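First up is the structure itself, then whatever we jot down about it.
What you see is a predicted model; the values in this text were computed from it and never measured. Each chain gets a letter, A, B and so on, in the order the sequences are listed, and its residues count up from 1.
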Number of protein chains: 2
Amino acid sequence: MTPARSRRPGAPTRTERGIPEATVARLPVYLRALTALSDSGIATASSEDLATAAGVNSAKLRKDLSYLGSYGTRGVGYDVEYLRYQIAREIGVTQDWAVVIVGIGNLGHALANYSGFGTRGFRIVALLDAAPELVGEKIGDMVVRDFAELEEIVAADRVSIGVITTPAGPAQEVCDRLVAAGVTSILNFAPVVLSVPDGVDIRKVDLSIELQILAYHEQRKSGEAALPPVPELPAMNGVVTDLPSVGGGVGA
Amino acid sequence: MTPARSRRPGAPTRTERGIPEATVARLPVYLRALTALSDSGIATASSEDLATAAGVNSAKLRKDLSYLGSYGTRGVGYDVEYLRYQIAREIGVTQDWAVVIVGIGNLGHALANYSGFGTRGFRIVALLDAAPELVGEKIGDMVVRDFAELEEIVAADRVSIGVITTPAGPAQEVCDRLVAAGVTSILNFAPVVLSVPDGVDIRKVDLSIELQILAYHEQRKSGEAALPPVPELPAMNGVVTDLPSVGGGVGA
DNA sequence: AGGAGCTTGTGAACGTGAGAACAAAATCGA
DNA sequence: TCGATTTTGTTCTCACGTTCACAAGCTCCT
Ligand SMILES: NC(=O)c1ccc[n+]([C@@H]2O[C@H](COP(=O)([O-])OP(=O)(O)OC[C@H]3O[C@@H](n4cnc5c(N)ncnc54)[C@H](O)[C@@H]3O)[C@@H](O)[C@H]2O)c1
Ligand SMILES: NC(=O)c1ccc[n+]([C@@H]2O[C@H](COP(=O)([O-])OP(=O)(O)OC[C@H]3O[C@@H](n4cnc5c(N)ncnc54)[C@H](O)[C@@H]3O)[C@@H](O)[C@H]2O)c1
């Protein structure tokens with residue numbers, strides 16, 4: 001293998017066998033593409049085939065895969081099953097991860113009803129909510145339990161991943177409870193910036209932000225002309241009045 | 001202002017008044033932070049204050065804001081209301097964007113019930129589904145309509161944004177219909193890579209991918225030792241047998 | 001007036017990511 | 001056996017993103 005080179009400039013800083021973050025984010029896409037090919041009975045695929053299925057360029061895909069090791073065959077391509085296993089192993093979904101969902105409202109219900117997680121390396125072990133009227137409700141083959149049982153459940157089921165689907169208000173508090181209970185990865189749907197100690201990973205899914213990014217590009221397509229009138233520094237350093245009310249609220 | 005420099009190396013390529021993509025993705029976060037400050041009655045904030053509220057570093061925030069113009073006051077900070085308006089205008093959420101949601105199952109219901117979009121620059125004008133038993137159902141003050149009415153609705157309400165919450169199977173077909181009807185921005189929740197013509201923007205939200213990224217880091221925390229045994233090229237170039245079944249499905 | 005104290009806006013350095021291009025390795029046919 | 005063909009793995013270069021560090025500019029106090 002490549003001998004340990006001493007920090008060539010331009011090379012991404014990675015710890016031993018560490019994989020660049022951008023690559024990590026694409027591995028699940030490749031995994032899904034491989035599963036699709038496998039389901040179609042395709043045994044071998046070239047980087048070009050895979051890249052098309054995953055919606056990326058083939059040079060990028062080859063470089064991404066090269067971080068995992070040398071799993072292809074020149075002149076032939078990649079063995080679909082074998083590569084799939086290698087990626088799954090690298091991501092860590094050859095085993096199942098226990099997950100709790102906190103806040104069983106609109107979104108929590110949707111997630112609880114979703115069957116796609118089980119086939120992708122995750123097992124929902126508990127649905128938790130603080131509202132007494134929700135506790136005890138059956139969703140599929142699960143029952144909503146009291147948020148107070150969190151610590152017990154995390155310890156019993158070795159839960160390392162928590163999903164937050166409460167309103168924004170209590171989200172930080174819920175987050176703190178999760179962390180204190182031993183959860184070290186959090187997926188947050190509430191529109192707030194959560195703070196967590198070092199060692200805890202957090203990812204956020206924010207639909208309003210996604211839509212606003214689309215809106216930015218949409219506005220651009222309509223042509224600069226369509227931009228609202230620019231009030232050039234009308235009332236800086238003073239009482240700013242008469243600005244129209246604008247989107248971007250912090251609602252629960 | 002800065003005179004038009006001729007392509008200095010190291011400077012991001014940006015069209016006239018274009019904003020780097022990474023910055024665009026953060027502007028909605030700043031917008032939300034500003035709204036929160038405003039709601040707390042705070043009239044002025046320094047880049048440090050804002051950066052803390054938005055969860056980023058203050059140099060980055062200042063540079064991001066500098067792409068919009070020079071809206072701060074040295075020695076003082078930013079006027080909260082004024083900056084909020086400027087960001088909202090840049091993103092394009094001073095006006096409301098019409099949105100249709102296609103596929104009113106678990107997730108579609110959750111989105112339809114969500115009140116947060118209206119306050120953030122978006123107006124849901126239709127809920128569409130192909131299933132006859134769903135058409136006519138009331139959700140809040142809206143009624144589920146037949147997907148066949150898509151073209152009519154898009155034209156009537158000048159819809160430019162579509163949200164896809166159908167299963168993976170029909171997603172590309174639905175996407176094509178949306179594009180043909182005139183929708184030019186799509187937010188996709190189905191776990192497939194959609195292909196769209198140039199000029200159409202697409203963003204995807206994929207919960208399984210988010211969880212798998214967390215799983216990768218989680219596995220790493222448990223220590224290299226916990227990695228599953230590495231079958232070093234056991235059956236390459238031949239019939240690959242006995243690989244455990246792994247997560248990453250392409251389910252509907 | 002003038003200086004002290006802050007805070008912005010931005011140049012410059014550094015790190016990460018993307019893609020073109022090609023040598024190395026494998027297969028296949030003659 | 002050898003050359004033609006295919007496709008990987010990797011290097012090189014350029015583009016993009018982040019962070020530091022500081023001059024420029026504003027306010028307030030003396
Ligand atoms: N529904 C959507 O489509 C949507 C879209 C974008 C963002 N979000 C965000 O997702 C989150 C959930 O949205 P929703 O529509 O499901 O909200 P919801 O109000 O329907 O559900 C929230 C649930 O959290 C529970 N809860 C409140 N405080 C709690 C606490 N301290 N501990 C445990 N549970 C608690 C409530 O009892 C309720 O069941 C919100 O933050 C919302 O802003 C939702
Ligand atoms: N529910 C979740 O929590 C969750 C999580 C991750 C991903 N997803 C993805 O989001 C999507 C929706 O999930 P869901 O749980 O709401 O699914 P669902 O099956 O509950 O709902 C899908 C809806 O789409 C409608 N539909 C099907 N074909 C259609 C067509 N051609 N035109 C219009 N409508 C059509 C169906 O009638 C149904 O109402 C899926 O792709 C799923 O993989 C969902």
Side-chain angles (χ1 to χ4, degrees), chain A residues 1-3 5 7-15 18-27 29-30 43-52 54-80 82-83 86 233 236-238, chain B residues 1-3 5-15 18-27 29-30 42-52 54-80 82-83 86 233 236-238:
Chain A
M1 277 287 138
T2 326
R5 263 189 311 275
R7 223 21 226 101
R8 184 171 48 78
T13 23
R14 251 167 297 109
T15 53
I19 293 176
E21 200 49 39
T23 296
V24 170
R26 282 187 296 265
L27 290 180
V29 180
Y30 303 156
T44 302
S46 70
S47 62
E48 202 68 52
D49 299 337
L50 272 175
T52 303
V56 301
N57 131 339
S58 68
K60 182 149 65 180
L61 178 133
R62 285 200 299 281
K63 188 183 288 200
D64 283 342
L65 294 185
S66 78
Y67 290 119
L68 311 195
S70 199
Y71 295 140
T73 308
R74 292 170 196 230
V76 177
Y78 299 89
D79 181 286
V80 170
Y82 184 67
L83 182 58
Q86 293 300 339
L233 299 162
M236 197 48 200
N237 303 340
Chain B
M1 278 287 138
T2 327
R5 261 188 313 274
S6 48
R7 221 27 224 100
R8 184 171 49 77
T13 25
R14 247 167 299 109
T15 53
I19 292 176
E21 200 48 40
T23 297
V24 170
R26 283 187 294 265
L27 289 179
V29 180
Y30 302 156
I42 294 170
T44 302
S46 70
S47 62
E48 203 67 53
D49 299 338
L50 273 174
T52 303
V56 301
N57 129 343
S58 68
K60 181 148 68 180
L61 179 132
R62 285 200 301 278
K63 179 156 287 199
D64 284 342
L65 294 185
S66 78
Y67 291 118
L68 311 194
S70 200
Y71 296 138
T73 308
R74 293 171 196 230
V76 177
Y78 300 88
D79 181 286
V80 171
Y82 184 67
L83 182 58
Q86 293 300 340
L233 299 162
M236 198 49 200
N237 302 338

Could you tell me whether the side chain of A/Lys63 has a donor or acceptor atom within less than 3.5 Å of a complementary atom in the base of C/dG19? yes
Using whole Å, report how far CG of B/Asp49 lies from P of C/dC6. 14 Å
Whole angstrom is fine here: how far is it from CD in A/Glu21 over to P in C/dG15? 18 Å
Would you say B/Ser46 reaches C/dT7's phosphate, i.e. side-chain N/O to OP1/OP2 under 4.0 Å? no
Non-neighbouring partners of A/Lys63 that pass side-chain contact (heavy atoms from CB on, under 4.5 Å), sequence neighbours left out: A/Ser66, A/Tyr67
Between P on C/dT10 and CG on B/Leu65, what's the gap in Å once rounded to a whole number? 11 Å
Send over the distance from A/Asp79 CG to C/dT27 P, rounded to a whole Å. 13 Å
Given D/dT7, is OP1 or OP2 found less than 4.0 Å from the side-chain N or O atoms of A/Tyr71? no
Looking at B/Thr73, I'd like to know whether one of its side-chain N or O atoms comes within less than 4.0 Å of OP1 or OP2 on C/dT8. no
Between A/Asp49 and A/Ser46, do the side chains contain an N or O donor and an N or O acceptor separated by less than 3.5 Å? yes
Can you check whether A/Tyr78 has a side-chain N or O nearer than 4.0 Å to OP1 or OP2 of D/dG9? yes
Identify each donor-acceptor pair in which a side-chain atom of residues 54-61 of chain A lies under 3.5 Å from a protein atom, sequence neighbours left out, and give them as a table.
| residue | atom | partner | partner atom | Å |
| --- | --- | --- | --- | --- |
| A/Asn57 | OD1 | A/Ala59 | N | 2.7 |
| A/Asn57 | OD1 | A/Lys60 | N | 3.0 |
| A/Ser58 | OG | A/Glu48 | OE1 | 3.4 |

Indicate, with a heavy-atom threshold strictly under 4.0 Å, whether A/Ala22 touches base, sugar-phosphate, or nothing. sugar-phosphate
Measure the distance from CD1 on A/Ile19 to P on C/dG17 and round it to the nearest whole Å. 12 Å
Nearest-0.5 Å distance, CG of residue B/Leu68 to CG of residue B/Leu83: 7.5 Å
In whole angstrom, what separates A/Arg62's CZ from D/dT6's C1'? 12 Å
Output for pair (A/Arg26 CZ, A/Ile19 CD1), nearest 0.5 Å, gives 11.5 Å
Could you check how far CD of B/Gln86 sits from P of C/dG9, rounded to whole Å? 12 Å
Earlier contact from the 5' end, DNA chain C, for B/Ala59 and B/Gly75: B/Gly75
Rounded to whole Å, the NZ-P distance (B/Lys60 to C/dC14) equals 19 Å
Can you work out whether B/Arg74 or A/Arg26 has the more 5'-proximal nearest nucleotide on DNA chain C? B/Arg74
